[in-house]
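Numbers restart at 1 for each chain; the letters A, B, ... are given by sequence-line order, proteins then strands. Everything numeric here is computed off the predicted structure, so don't read it as measured data.
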2 protein chains.
Amino acid sequence: MTTLYDVIVVGGGLAGLNAAYEFKKSGLNVLVLEARDRFGGRTESIKVDEYWFDLGGQWMGGTHKYLKQLCDELGVKSFPQYDEGKHVLEINGKKVYYSGNISTLNKGYDLEGLNETIQKIDELASELNPEAPHAHQKSREYDHLTVSEWLDRNTKGIDAKSIINWFCRVCVAAEPSEVSFLYFLHFIRTAGSYSLLADIHGGAQQDRLIGGSQQISEGLAKKLGSSSFALNSPVRAISQDANQCSVRTDLTTYRAKYVVVAIPPTLAGRIDYKPPMPAKRDELTQRMPMGSVIKTIVIYDEPFWRKEGYSAEAISDQGPIFICYDDSSHDDKKTAIVGFIAASAAKDWAEKSPEERKQAVLECYARWWGPKALKPRYFLEKSWKEEEYSRGCYVGYTSPGILGQCGEALRKPVGRIHWAGTETASAWVGYMEGALESGFRVSKEIKQRLTNSKL
Amino acid sequence: MTTLYDVIVVGGGLAGLNAAYEFKKSGLNVLVLEARDRFGGRTESIKVDEYWFDLGGQWMGGTHKYLKQLCDELGVKSFPQYDEGKHVLEINGKKVYYSGNISTLNKGYDLEGLNETIQKIDELASELNPEAPHAHQKSREYDHLTVSEWLDRNTKGIDAKSIINWFCRVCVAAEPSEVSFLYFLHFIRTAGSYSLLADIHGGAQQDRLIGGSQQISEGLAKKLGSSSFALNSPVRAISQDANQCSVRTDLTTYRAKYVVVAIPPTLAGRIDYKPPMPAKRDELTQRMPMGSVIKTIVIYDEPFWRKEGYSAEAISDQGPIFICYDDSSHDDKKTAIVGFIAASAAKDWAEKSPEERKQAVLECYARWWGPKALKPRYFLEKSWKEEEYSRGCYVGYTSPGILGQCGEALRKPVGRIHWAGTETASAWVGYMEGALESGFRVSKEIKQRLTNSKL
């Protein structure tokens, strides 16, 4: 007879590993099954000349308490995101410079309608219950509008429209015309506000981790111990009856009292369930695709932008880079710029050759900071759509009509199967923080059931 | 060594079986793998007191030439959809009667803006290439609007909006706010026009098949012979190299030179491919969910509606039945009404008990045709969302942002894997006719490659 685990966790990203660590600390017998040959899911760090760069999730926000706590526990040090000097704002054909946080860039400039629009969006977002966006009385109304449709109806300011469209592209990695306005509000609600998402100081891009973010997952896996996980183990099928679950990989079938599926809904939908998923859960997995993003890192021999008073932060509605930041190492010995190609542009650019993409990114930087940008030491990139076990980044989002009607299915357990992952978070959906929060939440759910079953 | 088939077809619905029959007729060695214990996919006929009723695809349209041809070959007889007498139109709180085709219902009534709106939609649809909706110069513009957003911008007529919204719900089985306007135009384009979709005479609901529609698939399977198919064989994985493909079910791995995947994109996305699918194909499978529909059939001892001059055709924006027709047998010995609960209402009603749904449907008919409707002999229903190997009906549709950018991936072969199914049709997407057309098209593609490889 094979081992009957207390819990099997599907997915060795931050959500799954954090849940598993909680189970382990409670003395439960847990097994993590990870499809890839590595931990970390949508975080992936790569070493270049002894310095780690992040091809996936990267920043620790000012309010990311679970991530901070875990970094402290694992001995991971952080340092502030560099943002000294002038930032570039290139929008509606204008180019201006600003400094400080993105949420305050309107102060110095006449960005028509922006203040009012952000205020209105924050106000609507604040009314939602982050654990149940579908429960709001207007949830279906919001959910039947796209972000761009709401903007067309609610703001006349051309700059406001462009900035919010840009914000949707870089934060959700999908076009404003593809994203449900309810999802957009929910995304903002779980982060706290527009400014918390957009900003460095106090916001989502406040700090970076020395050594990269993948080490968090690796640190958790180490704490679990090698008898508590299996890599290269994509889960193909999960069956359950009243007493237990069977989890099948290509080589083995495991048994457990409970299962946590800690992968994005669109991937969770590819598992064969017996009995089949209820209609609403299946519908959710059919309609929560991953965003589109190509992350690029250009490593330069020197931080030439700094010398000319630039921060390497730029916002553009022209692209191919829509947002970028200084990505130099904590000791400034390795200097770099990290930039994102996001939403439909990411799909278009993914069709081009690596050389064409590289050239376009370098020319974009040269446009902002001069010809030195054309001579990098290294060019790194990652198109997350190509990654078999992510199929997009940063996060699963929804088009109109699904979150309002089937939102409950995001977290509602189906028999002995529970759901985790940053998509299921009630704090910081789409971020490492959200993944961790979902891991804590799901571990509490299952520990409660195990306790109840012993009573 | 196992058999090397010329072609393995995944899916024993009309598309897959029609393709397989074409291969067979060309002397090729073909195997059809069907997940269910029956053929027919989204067609399913059920026998009640010696008469067959269709829980799935049902009608043969006036221009459904492939279906007509196959019926003739298989000896399946058709008869006209009954529509004598008054039809009910219940919209925006009004109730009126009309007769004849739905597309002409505006003639007798003041339906504000309807004519112009239909004309405009038909005109825009006619400009699309049914084989490549994404190739139109405005494809991305159309694809970033929902149907309801386009209506809001382009028509002021309240009745026009309501009728087109209703039409989207009953034809696409999704809310107008969920459906890309480009998809909507494409759907109409492949059928020919709004009226061809809406109508009985000359249109999509012109004729019915004596004995039900599932017998078409069964007839095709019989022609193939039992050595050419396997039921109860859900395909889990397809791998390919430069020379051949391996197709794995739970029990067996088969080999073939080519594979036809003839299932809806959202289900095709659940197969594990080696090498993994290219980004755009995977993205398509993440973003082409199935519609939502509950089909109901109420069998009565007598056609009480006919006696009072009604046809049993009704259009309603109130529901729970949004469209219904007389569903009596060809000899009028078994009398019935077939009605559809569609789009988000189908998901809401699926949450209720069978008894509540039955009562609501009967009361809806009683509202239109009097209290005799409350006393049926039988009540049949099928919620297609619950069906494991369909996960919705009638068809996979798209929200904004996918058809315009990834439409090519609908039919573009990936190595030795080709795609079929009504979603891939260039004529009558979403209909049995479209499934058959896709079967012919895919069989030509592969026969051509087999011929080329012999040259």
Side-chain angles (χ1 to χ4, degrees), chain A residues 140 143-146 148-149 152-153 174-180 234 236-237 248 250 266-267 269-280 282-290 292 343-344 346-348 350-351 383-389 391-392 396 398-402 404-406, chain B residues 140 143-146 148-149 152-153 174-180 234 236-237 248 250 266-267 269-280 282-290 292 343-344 346-348 350-351 383-389 391-392 396 398-402 404-406:
Chain A
R140 291 210 185 180
D143 199 31
H144 283 282
L145 296 173
T146 65
S148 57
E149 196 176 358
D152 279 350
R153 292 181 184 200
E175 294 296 315
S177 55
E178 294 170 333
V179 178
S180 148
R236 306 301 183 188
R248 189 165 57 72
D250 289 331
T266 192
L267 298 183
R270 295 170 189 207
I271 294 172
D272 181 52
Y273 300 94
K274 290 274 177 294
M277 281 293 120
K280 279 197 173 176
D282 190 83
E283 171 111 359
L284 184 85
T285 65
Q286 289 187 46
R287 294 177 64 186
M288 200 165 195
M290 302 302 287
S292 296
S344 75
K347 285 193 280 283
D348 286 336
E351 303 277 292
S383 174
W384 283 88
K385 281 270 160 213
E386 326 281 338
E387 182 87 349
E388 185 176 8
Y389 295 114
R391 305 282 11 181
T398 61
S399 286
I402 180 69
Q405 197 163 16
C406 303
Chain B
R140 291 210 187 181
D143 198 31
H144 284 282
L145 296 173
T146 65
S148 58
E149 196 176 358
D152 278 348
R153 291 182 183 198
E175 293 296 314
S177 56
E178 294 170 332
V179 178
S180 148
R236 304 302 183 186
R248 189 166 57 71
D250 289 332
T266 193
L267 298 184
R270 296 171 187 205
I271 293 172
D272 180 52
Y273 300 93
K274 290 273 175 295
M277 281 294 121
K280 279 197 172 177
D282 190 83
E283 171 110 0
L284 184 85
T285 65
Q286 288 187 45
R287 295 176 64 187
M288 198 163 196
M290 302 302 287
S292 297
S344 75
K347 286 192 279 285
D348 287 335
E351 303 278 291
S383 173
W384 283 88
K385 281 272 160 211
E386 325 280 339
E387 182 87 350
E388 184 175 9
Y389 295 113
R391 305 281 12 180
T398 62
S399 287
I402 181 69
Q405 198 163 15
C406 303

- With sequence neighbours left out, what residues match B/P234 under side-chain contact (heavy atoms from CB on, under 4.5 Å)? B/A35, B/R236, B/D250, B/Y389
- Ion pair present between B/D348 and A/R140, side-chain N to carboxylate O less than 4.0 angstrom? yes
- Message: Tell me which of these, A/M288, A/Q405, A/H144, has more heavy-atom pairs under 4.5 Å with chain B than the rest.
- Response: A/Q405
- Task: Go through the structure and list residues passing side-chain contact (heavy atoms from CB on, under 4.5 Å) with B/E351, not counting sequence neighbours.
- Result: A/K280
- Item | Nearest atoms (heavy-atom pairs only) where B/E149 meets A/S148 | OE2-OG, 4.5 Å
- Item | Interface residue of largest heavy-atom contact number with chain A, from B/L267, B/I271, B/D282, B/T266, under 4.5 Å | B/D282
- Bottom line for A/S344: the part with an atom under 4.5 Å from chain B's heavy atoms is both
- Please look at A/D152 and chain B and tell me whether the side chain, the backbone, both or neither of the residue comes under 4.5 angstrom of a heavy atom of that chain. side chain
- Message: Given heavy-atom pairs under 4.5 angstrom as the criterion, report whether the side chain, backbone, both or neither of A/E175 touches chain B.
- Response: side chain
- Message: If you count heavy-atom pairs within less than 4.5 Å of chain B, which of A/P278, A/G269, A/P275, A/A343 leads?
- Response: A/G269
- Item | Under 4.5 Å from a heavy atom of chain B, the part of A/E178 involved | both
- Task: Please determine, among A/E283, A/M277, A/M290, A/E386, the option with the most heavy-atom pairs under 4.5 Å with chain B.
- Result: A/E283
- Item | chain B contact via A/T285 - side chain, backbone, both or neither, heavy atoms under 4.5 Å | side chain
- Query: Taking all atoms of both residues into account, what is the closest heavy-atom pair of B/D143 and B/S399, and its distance?
  - Reply: OD1-O, 4.3 Å
- If you tally heavy-atom pairs under 4.5 Å between each of A/L145, A/I402, A/D272 and chain B, the highest tally belongs to A/D272
- Message: Counting only non-hydrogen atoms closer than 4.5 Å, does B/S292 touch chain A with its backbone (N, CA, C, O), its side chain (CB onward), both, or neither?
- Response: side chain
- Message: Restricting to non-hydrogen atoms, name the atom on B/P289 and the atom on A/Q286 that form the minimum distance, rounded to 0.1 Å.
- Response: CA-OE1, 3.4 Å
- Below 4.5 Å from any heavy atom of chain B, which atoms of A/S180 appear? Answer side chain, backbone, both or neither. neither
- Of the non-hydrogen atoms in B/A174 and B/V179, which two are nearest, and what is the gap between them? CB-CG2, 3.6 Å
- Query: Rounded to the nearest 0.5 Å, what separation is found between the CZ atom of A/R391 and the CZ atom of A/R270?
  - Reply: 6.5 Å
- Measure across B/T146 and B/P400 and return the closest heavy-atom pair with its distance rounded to 0.1 Å. CG2-CG, 3.6 Å
- Per-residue tally against chain B (heavy atom, under 4.5 Å) across A/E388, A/K347, A/K385 peaks at A/K347
